[in-house]
Amino acid sequence: MNLRKYLKVYKKFLHTSLASELEYKTNILVDLITAILSLVGSIFLLSIFFQNNGYIGGWKFEQALIIQAIYTILNGITNTWFNPNLTEIVKHIREGTLDFVLLKPIDSQFYISLKKINPSGFLEIMLGFLLLFFCIRINQINLNLSFLTLSLITISCSICILYSLWFFISTTTIWFVKTWNATEVLRSFLYIGRFPLNSFSFSLRIFFSVVIPIAFITTIPSEVLLGLSQFWKILLEVIIAMIFLFTSRKFWLFALKFYTSASS
Amino acid sequence: MVQNIIDVRNLSKSFDISSKEPGLKGTIKHFFRRQTKSLKVIKDISFEIKEGEIVGFLGANGAGKTTILKMLCGLIYPSEGSILVSGYLPFRRKENFLKNITLIMGQKQQLIWDLPPIESFYLNAAIYGLDKFEAKKRIKKLSEMLEIDEELFIPVRKLSLGQRMKSELLAALIHEPNILFLDEPTLGLDINAQRNLRKFLQNYNKETNATICLTSHYMKDITSLCKRVICVHEGEISYDGKLDLLLKKLSPVKEIIIVCRSEEDAIKLENSGFTIKNKIKNEITIKIDNNSITSSLKTILNNFDIEDLFINEPPVDEIIGKVLIKKDYDI
Amino acid sequence: MISNLINNKIFTLLKVQYSNMLEYRVEIALWAISGIIPFFMLNIWTSNNLNESINISDVLLSRYFLCAFFVRQFSVVWVVFSFEEDSLMGKVSPYLIQPLNPFFRYFAQHLAEQITRFPFALIIAFFFFIFNPETIWIPNLSILILSILSTFLSFLIQFLIQSIVACLCFWTEKASSIERLLFIPTLFLSGLLAPVVSFPEYVKSWIYLTPFPYLIDFPANLLSGNETNIRGGLSMQILWIFLLFPLFKKIWSEGTKKYTAMGS
């Protein structure tokens, strides 16, 4: 019953935000071109790295393209869901309309993180999948069911981690209204997700797997696809994703408590 | 017997205000040792509201009206005391409680800016778990009451402020709440739109027996809607009771302007024991106590040759203005 | 006399904007951190010995990326976003009444921000030198002055381009998406992620005709002591400014004409 209601509400969210975005049609077109150029640029950069070298961090060009594909999918998801909702939260807090959200008989985290959708991110996701299928062809990966489930699990975990990182920043808006800069820092860190973790020096590798687990986000799913990943890594990613989700939830509830007892 | 739908006992609210010295040094100091002061904005208030009542909260800016309203709907956690709204503790924001109430804030809007209001209505309907048929029925009924029609299909950004407010109301009322909290609902509206809004609230209250709590700076909102007012001054309730009574107590005298037909009569009237405010030729202004007004007028009309007569009601705004700045008025 | 007046105005504006920017120290520090992508790229280059193929030593490449970081820090422009927000919030009308082109205001804002940003950039450079002590160098005075000049010219080019895009706000509601589109070639072709020397021949043949390599690659090469054509680079920068400035003037007067005609 409850799940059905949430599904129904989500359908409405989709409907309303698609309808509002379609009010700015040229904007969507520009965003589409941006997404294509961005992918072309990344592959161009990757090709520069590989132009005189067969391997980088133990990865061949064809293999590194998988990381690029997964990065593009995840970036598309970020642009479709996480980023527009962050913008929305900032607006809610600046204009004081968060009150309306809190008075709705619906989970506020659900409302706040899924209300908006930016359709131009869809193309990026599709581009990512196209590249991924292309990579599966050129790397001669044989797909089977257990393989697919594993990659699905790791990619979902990546999405959870990514979501939590973005939602953390969104939550901090309750204290600091201006979070654009924090977003930029996160974005620039996420940028390294385009490259295999092993292509960085040891200290950076540690930093990006322990402090900010960006390494997990793209490298592990790619390793799974190439059949290179060890079981413990997959397990670790699942655990980290769960910790992140759990903490982001707790942090949001904490922030709400602060909001309701301190704001005027 | 009518039930108490809102019951507030010994409610207090303090906010922690952190003070910071200016400059970099102050910032660093502030970072390590935060100095906070507790500021009590609501001080031990108690009141109850019965089902179907329309109650106005009066007070100057910063008196605590909005804080009280927000505590009643569960947006602010009370520091001390208890609140019970239709049997629920508001700050828990239980689903069934939230389905019972609504909050409308003037100038803050929940409608989706780029879309026609109807889209927001259906979104809200889904959130409150209404099916499409029921939602349609309620939208139809409310839009008739609010006298809006084609506006429902025009993007919100193209609507006038008055039309937008009506749509806001519809969005806020689609789940048929029992209790309405309105914070400055008429802010920024023109006189016509204000009047329509008040008329609507009155009808809504009559038809559904919903309880309405509102704050407003427009006295007209209060005087035409609320029989009962609660005055808030610096976090305390300075008056809670009937509006007429408050007005009567605050301005116990009325001014009456009498134009006599002859100057002799005017002089006679001047010396007949009434309190005279001023006299210009045969026009005399006198002050009469509220409770002796009929008898006094009878005497005057019987004994003097009167050409014309006006009763000067002191403007309500002025009286309530007094409420806002005074603490006690010995009632 | 007239230039004197303008100078005075700019100076006052600068002072006001500087104290305003000081209020946003945290934000600016975060901005500075978000610009560290060049260091990640450097890490990939050196960890995989990619620089051998383009005949640049480790030390010179490190200096190049450090300088790229610096040039980027002092040529970041966000005038589109400011202008878009101001025009959405209706602040443009009062600006138009004032006897000063509103873009002077944004210009002063940017300069003030650069001054505030300077110490943070120095701190990041300091840490860079601690980790890479062999890269410390002192450029001679004339080179330093020339590279500051070319960085400023790069800032001017970007400011003009973005101001032109910002003027599109008069026609379309969301000009910032066009800016995001333009940012993609800037990101990949300016030399922020890889020095232009390393680009394949088919790109190098035409790229020097675009403004992109003069935004970061040229000033960074100049400052870091890498090989570059000083006279050619500076004259291309000035040429682009002379091309862009009339274009900006034109689009600004067209835009304000349209704006005042609409009467909104």
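In what follows, every chain begins at residue 1, and chains take the letters A, B, ... in the order their sequences are listed.
- Heavy atoms of A:H92 lying under 4.5 Å from chain B are absent altogether.
- Atom CG of A:L22 and atom CG of B:D114 lie 11.0 Å apart (nearest 0.5 Å).
- From B:L111, atom CG reaches atom OG1 of A:T16 across 12.0 Å, with rounding to the nearest 0.5 Å.
- Ranked by heavy-atom pairs shorter than 4.5 Å toward chain B, the options A:L98, A:V101, A:V9, A:L256 are led by A:V9.
- Between A:K91 atom NZ and B:W113 atom CH2 the span is 9.5 Å, to the nearest 0.5 Å.
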Handout entry: From CA spacing to verdict: side-chain contact (heavy atoms from CB on, under 4.5 Å), B:M105, A:F100
Key = CA-CA 9 Å; B:M105 295 182 273; A:F100 288 128; 3.8 Å; yes
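- Residues passing the ring-ring contact (aromatic ring centres under 6.0 Å, His included) test with B:Y77, sequence neighbours excluded: B:F91.
- With chain A as the partner, the residue from B:I101, B:L115, B:I112, B:L103 showing the most heavy-atom pairs under 4.5 Å is B:L115.
- The 12-atom threshold is not exceeded at CZ of A:F129, counting heavy atoms of other residues, nucleotides or ligands nearer than 6.0 Å.
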Practice task
Please step through side-chain contact (heavy atoms from CB on, under 4.5 Å) for the pair A:E95 and B:K108, ending with a clear verdict.
Solution key: CA-CA 7 Å; A:E95 291 169 10; B:K108 280 188 193 172; 6.0 Å; no
Practice task
Please assess B:T102 against A:L103 for the test side-chain contact (heavy atoms from CB on, under 4.5 Å), listing each intermediate value before the final yes or no.
Solution key: CA-CA 8 Å; B:T102 198; A:L103 289 184; over 6 Å; no
Sequence neighbours left out, cut at 3.5 Å: what donor-acceptor pairs do the side chains of residues 123-132 of chain B make with other protein atoms?
residue: B:N124; atom: ND2; partner: B:A171; partner atom: O; Å: 3.1
residue: B:D131; atom: OD1; partner: B:F133; partner atom: N; Å: 3.1
residue: B:D131; atom: OD1; partner: B:E134; partner atom: N; Å: 2.9

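- Applying a 4.5 Å heavy-atom cutoff, the residues of residues 104-117 of chain A that approach chain B are A:K104, A:P105, A:I106, A:Y111, A:K115.
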Practice task
Please step through side-chain contact (heavy atoms from CB on, under 4.5 Å) for the pair B:Q109 and A:T97, ending with a clear verdict.
Solution key: CA-CA 7 Å; B:Q109 50 160 15; A:T97 47; 5.7 Å; no
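- Within the structure, salt bridge (Lys or Arg N to Asp or Glu O under 4.0 Å) contacts touching residues 200-216 of chain A (residues at least two apart or in different chains) do not occur.
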